[in-house]
Enquirer: 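Just dropping this structure here.
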Amino acid sequence: MKRRTLAWSMLALAIAIGSALVGGRLRDGGFAGSDSRAMAAVAALQPAYRPWFGFVWEPPPEIAGGLFALQAALGAGVLGYYLGFKRGQARRRQDRADEGD
Amino acid sequence: MHIAEGFLPPLHAAIWSALAAPFVVAGARRVNRLLRDQPQLQLLLAASGAFAFLLSALKLPSITGSSSHATGVGLGAMLFGPSVMALLGAIVLCFQALLLAHGGLTTLGANVFALAVVGPWVAFAILRGARRLHAPFAAAVFVAALSGNLATYLTTAGQLALAFPDPASGVMGSFLKFAAVFAPTQLPLAAVEGLLTVSIVNFLREYSGDELRALEVLPASRAAEAG
């Protein structure tokens, strides 16, 4: 089971890396966000449309990367804590069962 | 799927907010009840939210030369039911709208509806359907998470199409245009999300048998069942 879980994650990684290699070779391979491409499509459909509300606060570009990393780190931290906790719990249970024998 | 701040006309923004709000309220109630009645699930709930936090922070490259997001909401929807993810997804989107200038407050309702309502419900329904058809477990989880991701983006395409119909071909033509922007980019990313969701679910079936039994949604693996 453990090995299979590793294989699933490796396959996910392989798709991501493969996509980056294929996409990077394209002429417009700058990896612009599809969200911003959709907003560009809005501008193409209705050139007169102007966003009627601006961002309340926009992080300076240098800071934005760090905030994205913070979001990922919070997620990975809590998720990793849970996974480690459950594994430790299973091992303790196993040890107790061994002692009982 | 983040419609940028101000990119939906006020009427559309208001309608989507009104449609999304009851789901978020219902989600908050459900989370409250869950934490009161089954406090032992608190940690797994936090981990599901964390999975959505992590995945939606990652902009992944795609074969089309653009990048886009995983959503991460399928996992929680499959474990706790879709309504819980309305709250957790809304928290993620608030964080991104306020701190990352990603999405926006005026478009929060529309974005919540796509990411935190449609995505989780589709993932949940597809898992149910696939289980009923006796599909292999990992395949069912994979397809459910992948479909949830795609459904979120198609919903966004629909929302933009309703707001900005094509002058010549109308809402449908506009929908196809927006879907063409999203779908090819999204497909490999949805597959990545599906695979990551399967690996977490595999882990849970191995180590979190108690929680899965309490939730009665996903069966634990036979080994964990015996242990």
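Heavy atoms only: backbone and side chains are in, while hydrogens, waters and symmetry mates are out. Throughout, protein chains are lettered first and strands after them, A, B, ... in sequence-line order, and every chain is numbered starting at 1.
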Enquirer: Tell me every residue that passes salt bridge (Lys or Arg N to Asp or Glu O under 4.0 Å) with B/Lys177, counting only those two or more places apart in sequence or in another chain.
Expert: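 B/Lys177 satisfies salt bridge (Lys or Arg N to Asp or Glu O under 4.0 Å) with B/Asp166 once adjacent residues are dropped.
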
Enquirer: Taking A/Lys86 first and then B/Glu211, would you say they form a salt bridge - that is, a charged N and a carboxylate O separated by under 4.0 Å?
Expert: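 The answer is yes: the pair qualifies as a salt bridge.
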
Enquirer: Rounded to the nearest 0.5 Å, how far apart are OG of B/Ser174 and CD of A/Gln46?
Expert: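 Spacing of OG (B/Ser174) from CD (A/Gln46) equals 8.5 Å.
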
Enquirer: Are the side chains of B/Lys59 and A/Phe31 in contact, using a 4.5 Å heavy-atom criterion?
Expert: no

Enquirer: Side chain of A/Asp35, backbone of B/His2: donor and acceptor closer than 3.5 Å?
Expert: yes

Enquirer: To the nearest 0.5 Å, what is the distance between CD1 (A/Ile15) and CD1 (B/Ile63)?
Expert: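 Separation between the atoms: 10.0 Å.
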
Enquirer: Which one wins on heavy-atom pair count under 4.5 Å against chain B: A/Ala40, A/Gly54, A/Ala69?
Expert: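 Of the options given, most contacts go to A/Gly54.
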
Enquirer: Can you tell me which portion of B/Ala157 sits under 4.5 Å from chain A's heavy atoms? Options are side chain, backbone, both or neither.
Expert: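 Contact with chain A involves no heavy atom of B/Ala157 at all.
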
Enquirer: For the candidates B/Ala101, B/Gly194, B/Gly72, which exhibits the highest count of non-hydrogen atom pairs separated by less than 4.5 Å from chain A?
Expert: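 Ranked by contacts with chain A, first place is B/Ala101.
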
Enquirer: Restricting to non-hydrogen atoms, name the atom on A/Ala41 and the atom on B/Phe178 that form the minimum distance, rounded to 0.1 Å.
Expert: CB-CE2, 3.7 Å

Enquirer: Which heavy atom of B/Ser66 sits nearest to which heavy atom of A/Arg37, and what is that distance?
Expert: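 Closest heavy-atom pair between B/Ser66 and A/Arg37: OG-NH1, 3.2 Å.
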
Enquirer: Using side-chain contact (heavy atoms from CB on, under 4.5 Å), reason through A/Gln71 and B/Val92 one step at a time and then give a plain yes or no.
Expert: CA-CA 9 Å; A/Gln71 190 196 329; B/Val92 171; 4.0 Å; yes

Enquirer: Can you sort out the partners of B/Phe142 under ring pair (Phe, Tyr, Trp, His ring centres under 6.0 Å), two or more places apart, ordered by chain and number?
Expert: none

Enquirer: Counting heavy-atom pairs under 4.5 Å to chain A, which of B/Tyr153, B/Phe53, B/Phe95, B/Phe51 comes out on top?
Expert: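 Result: the option with the highest number of such pairs is B/Phe53.
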
Enquirer: Looking at chain B, which one of A/Ala20, A/Ala38, A/Gly18 has the largest number of heavy-atom pairs inside 4.5 Å, strictly under?
Expert: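 Option with the top pair count is A/Ala38.
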
Enquirer: Can you tell which part of A/Ala64 gets under 4.5 Å to a heavy atom of chain B, answering side chain, backbone, both or neither?
Expert: backbone

Enquirer: Kindly give the heavy-atom pair with the smallest separation between B/Leu160 and A/Met39, and that separation in Å.
Expert: CD1-CE, 4.3 Å

Enquirer: B/Tyr207 vs A/Gln89, test: side-chain contact (heavy atoms from CB on, under 4.5 Å). Steps then yes/no.
Expert: CA-CA 8 Å; B/Tyr207 292 101; A/Gln89 221 174 29; over 6 Å; no

Enquirer: Where do A/Phe68 and B/Leu99 land on the side-chain contact (heavy atoms from CB on, under 4.5 Å) test, with the steps shown first?
Expert: CA-CA 9 Å; A/Phe68 263 106; B/Leu99 292 179; over 6 Å; no

Enquirer: Please classify the contact between B/Thr156 and chain A as side chain, backbone, both or neither, with a heavy-atom cut-off of under 4.5 Å.
Expert: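 No part of B/Thr156 comes within 4.5 Å of chain A.
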
Enquirer: Quick one: which of B/Pro61, B/Ala4, B/Gly49 has the most heavy-atom pairs under 4.5 Å with chain A, could you say?
Expert: B/Pro61

Enquirer: In terms of heavy-atom proximity below 4.5 Å to chain A, should B/Gln96 be classed as side chain, backbone, both, or neither?
Expert: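 Only the side chain of B/Gln96 comes within 4.5 Å of chain A.
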
Enquirer: Using every non-hydrogen atom in the two residues, find where A/Leu26 and B/Gly65 come nearest and quote the distance to one decimal.
Expert: CD1-N, 3.8 Å

Enquirer: Distance check, rounded to the nearest 0.5 Å: B/Ser48 atom OG versus A/Tyr82 atom OH?
Expert: 8.0 Å

Enquirer: I need the residue from B/Leu98, B/Leu44, B/Val181, B/Leu189 with the largest number of non-hydrogen atom pairs under 4.5 Å to chain A.
Expert: B/Leu44

Enquirer: So which of B/Ala52, B/Ala47, B/Gly104, B/Ala46 has the biggest tally of heavy-atom pairs under 4.5 Å with chain A?
Expert: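 It is B/Ala47.
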
Enquirer: Where do B/Leu196 and A/Trp8 land on the side-chain contact (heavy atoms from CB on, under 4.5 Å) test, with the steps shown first?
Expert: CA-CA 7 Å; B/Leu196 291 177; A/Trp8 285 105; over 6 Å; no

Enquirer: Just wondering, more than 12 heavy atoms not from A/Glu62 lying within 6.0 Å of its CD?
Expert: no

Enquirer: A/Glu58 versus chain B, heavy atoms under 4.5 Å apart: side chain, backbone, both or neither?
Expert: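 For A/Glu58, the contact with chain B is made by backbone and side chain together.
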
Enquirer: Name the option with the most non-hydrogen atom pairs under 4.5 Å to chain B; the candidates are A/Ala73, A/Gly33, A/Gly77.
Expert: A/Gly33

Enquirer: Atom NE2 of B/His69 and atom OG of A/Ser34: how far apart are they, to the nearest 0.5 Å?
Expert: 7.5 Å

Enquirer: Give, as side chain, backbone, both or neither, the part of A/Leu83 having an atom under 4.5 angstrom from any heavy atom of chain B.
Expert: both

Enquirer: Identify which of B/Val192, B/Leu100, B/Ile200, B/Leu105 forms the greatest number of heavy-atom pairs closer than 4.5 Å to chain A.
Expert: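 Ranked by contacts with chain A, first place is B/Leu100.
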
Enquirer: Looking at chain B, which one of A/Leu74, A/Leu13, A/Val42, A/Leu21 has the largest number of heavy-atom pairs inside 4.5 Å, strictly under?
Expert: A/Val42

Enquirer: Can you find a pair of side-chain heavy atoms, one from A/Trp52 and one from B/Thr106, that are under 4.5 Å apart?
Expert: yes

Enquirer: Ring-plane angle category for A/Tyr49 and B/Phe164, please: parallel below 30°, perpendicular beyond 60°, tilted otherwise.
Expert: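 The rings of A/Tyr49 and B/Phe164 stand perpendicular, inter-plane angle above 60°.
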
